[in-house]
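In this chain, residues are counted from 1 in sequence order.
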Amino acid sequence: MIDGIFVKKELQLYLFFVYIIFSLLLFQYYPNFYGDIKLFYIQFISIIFFIGFFLLGLRFSTSAFLIFVFFYQLSLSVMWGEYFLRHQYLLDNNADWKTYVHWAYCAPLADDFIDYIKVIKNTVSEIADMGYPIFLYPYYRFFSTFEDSYFASVVGKTIFYFISTLYVYKIALHFLLKSSAKIVFLLWALNPAAIFFNGVNLKENVFVTICVFAVYNMVVFKESKRLIYLFGFFLFTSFTIFFRMFVTFFIFASFIAVTLFRKFVRRHFLFIWFSVAFLGFVAIQLLMKVIPALGYFVSQSIGGGSGILMPVLIITALISPIPAFNQARTTPDNLIVCAYSIFTVVLSFYALYEIFLIFKHKKEHLYGLLFLTFFNKLLVIISARSNEYRFQYPLVFTYIILMICGFKDAATAGVCVFGKYRFSNQIFAILAICFGLGLTYMYNGMF
């Protein structure tokens, strides 16, 4: 039996220590915050609320803590919404933000919903851009002012994300005991990036809720074989087409792998992994030769020469997004989600350890999560967006579950990588912090 209390105590100390170091870094580099000291203050508010509510949530049952979670998400999301509504220049670099604001203004000008869809069709390049404008339509159509519509959409996105929180917890319960699943619930419910996405005019939290529903139905159907969950899976996976089509492929491919080709995957798991990874890496090299502009974009986006490009892409994809403090290497929205980025970096090493254990012990029940994570990471490597937090976010909840699976295994049995030698979770934690912070310093050009 897993000692849930022991795991929770270790994770509390680990995250508390990590965020103390992170706060010291913020103090050291606060002049980089685009000349707006409020961004610096809000970072500390985000950290205090995240750590405070996380520690508080560990002391309550999940059901008893739900009301706190909702008001936490709602109050901070409205605060972010008010701030960015007054300081829109901070998102001038974000093309999606500008496009969504344009669509919002179109809603009250259209004669009806059909007319609105026609307007959107004339401004989007593919069907994957249609989902979020449809979500925005009722808010900007039926409220009298832009500000009222904006805050109504913030509340709507908060409700969507709150529902996704419940279902991420239900997914985690299929792979972890209740005490460890609650840690996944808290990390997902309280993470500062979610609050940011709720507060600004971006689609991620609407999209991620649909992805969560699709994965939940996949996981439950795999175990129960009930047709209602198969129907739910196809329904919500089909909805993802209107947000990002390649995520639709990831979810369908993972479903096929763990249901229709379950025996084949079990027998040839390593071969499948290496084959897909190899084909992906070959594809990007061929495309870079055929399309010189792509090669230039990839090189510029990673900031390095071709000799170190692929290793850097792979490393940053596995532990990203890396917190960006240096104004020369970041944008305001990347800067704002640093409080989220830091826990993904230091806990990613536990996800990697869990992936190692899945290969070593053939943990078939985790294959579905692993395929989703693998496709998601492969995408950002191939597209040279390894440190792009928005690209990874819709499926990052699967990686968080793997993080806690790895932390649970390390905390209860130690870490064993080479032979029979094991070292304690405390040593592994120190190594993870040192390596994570070292990469953060190097990424920000501080050495």
Side-chain angles (χ1 to χ4, degrees), residues 62-63 128 131 160-178 180-185 187-189 205-269 272-273 276 351 354-355 357-359 361-379 392-405 408:
T62 304
S63 56
F160 261 68
Y161 191 77
F162 178 71
I163 295 170
S164 84
T165 300
L166 302 178
Y167 278 86
V168 166
Y169 177 62
K170 289 185 177 184
I171 294 170
L173 285 173
H174 286 268
F175 307 102
L176 294 161
L177 294 181
K178 200 169 184 179
S180 297
K182 184 166 78 169
I183 296 172
V184 174
F185 164 78
L187 289 175
W188 186 248
N205 279 353
V206 179
F207 181 31
V208 79
T209 302
I210 295 171
C211 291
V212 168
F213 284 155
V215 173
Y216 171 76
N217 281 278
M218 180 184 81
V219 169
V220 178
F221 174 75
K222 179 174 174 290
E223 296 179 0
S224 68
K225 298 296 187 285
R226 293 179 60 186
L227 292 180
I228 185 66
Y229 294 109
L230 180 63
F231 173 77
F233 169 78
F234 280 105
L235 176 68
F236 288 109
T237 304
S238 298
F239 287 162
T240 63
I241 293 173
F242 299 101
F243 290 86
R244 284 183 196 151
M245 294 183 71
F246 45 78
V247 173
T248 309
F249 166 76
F250 296 163
I251 297 174
F252 267 120
S254 300
F255 174 80
I256 291 170
V258 298
T259 54
L260 299 181
F261 293 97
R262 190 172 180 175
K263 291 183 180 179
F264 179 81
V265 169
R266 186 191 307 131
R267 292 173 184 169
H268 308 287
F269 189 58
I272 293 170
W273 261 70
V276 174
E354 185 62 24
I355 291 171
L357 294 178
I358 292 171
F359 279 104
H361 300 300
K362 295 184 178 179
K363 295 185 177 184
E364 187 181 343
H365 66 290
L366 289 172
Y367 282 3
L369 294 183
L370 189 57
F371 270 110
L372 289 167
T373 295
F374 173 69
F375 283 128
N376 206 25
K377 297 296 182 182
L378 188 62
L379 167 71
Q392 300 187 51
Y393 192 75
L395 291 175
V396 79
F397 64 92
T398 62
Y399 207 46
I400 292 176
I401 294 173
L402 292 177
M403 290 174 187
I404 303 307
C405 288
K408 174 206 68 177

Quick one: pull up OG in S164 and CD1 in I210 and give me the separation to the nearest 0.5 Å. 11.0 Å
Could you label the plane-to-plane angle of the F185 and Y169 rings as parallel, tilted or perpendicular, counting under 30° as parallel and over 60° as perpendicular? perpendicular
For F242, does the CZ atom have more than 12 heavy-atom neighbours from other residues, nucleotides or ligands under 6.0 Å away? no
N/O donor-acceptor pair under 3.5 Å between T240 side chain and T237 backbone: yes
With sequence neighbours left out, what residues match T373 under side chain to side chain donor-acceptor pair (under 3.5 Å)? T398
To the nearest 0.5 angstrom, please state how far the CG atom of L366 sits from the CG atom of L176. 8.0 Å
Flag the pair M218 / L372 as yes when at least one side-chain heavy-atom distance between them is below 4.5 Å, and no otherwise. yes
Any non-hydrogen side-chain atom of F375 less than 4.5 Å from a side-chain atom of I251? no
Measuring from F249:CZ to I256:CD1, what's the distance to the nearest 0.5 Å? 8.5 Å
With side chain to side chain contact (heavy atoms under 4.5 Å, CB included) as the criterion, how do F207 and F239 come out once you've worked through the C-alpha distance, each side chain's angles and the decisive distance to 0.1 Å? CA-CA 9 Å; F207 181 31; F239 287 162; over 6 Å; no
Looking only at heavy atoms, which two atoms of F397 and C211 are closest? And how far apart? CZ-O, 4.1 Å
Is there a donor-acceptor contact under 3.5 Å from the side chain of T248 to the main chain of I241? yes
Measure from the side-chain N and O atoms of N217 to the backbone N and O of F213, and report whether any donor-acceptor pair falls under 3.5 Å. yes
Could you please spell out the steps behind the side chain to side chain contact (heavy atoms under 4.5 Å, CB included) verdict for Y167 and V215? CA-CA 9 Å; Y167 278 86; V215 173; over 6 Å; no
Euclidean distance, L260 CG relative to F255 CZ, rounded to 0.5 Å: 6.0 Å
If you round to the nearest 0.5 Å, how far is CD1 of I401 from CG of L369? 5.0 Å
Keeping the roles fixed (side chain from K362, backbone from F359), state whether a donor-acceptor pair exists under 3.5 Å. no
Run the numbers on E354 and K363 for side chain to side chain contact (heavy atoms under 4.5 Å, CB included), then give the verdict. CA-CA 10 Å; E354 185 62 24; K363 295 185 177 184; 3.0 Å; yes
Please work out which of the three classes, parallel, tilted or perpendicular, describes the rings of H174 and Y216, given edges at 30° and 60°. perpendicular
Hey, mind stepping through F160 and N205 against side chain to side chain contact (heavy atoms under 4.5 Å, CB included) and telling me if it holds? CA-CA 7 Å; F160 261 68; N205 279 353; 5.8 Å; no
Y399 and W188: aromatic ring centres closer than 6.0 Å? no
Under 30°, 30 to 60°, or over 60°: which ring-plane class applies to F250 and F246, parallel, tilted or perpendicular? tilted
Rounded at 0.5 Å granularity, tell me how far OG in S180 sits from CG in L173. 10.5 Å
Is the closest side-chain heavy-atom distance between F175 and V184 below 4.5 Å? no
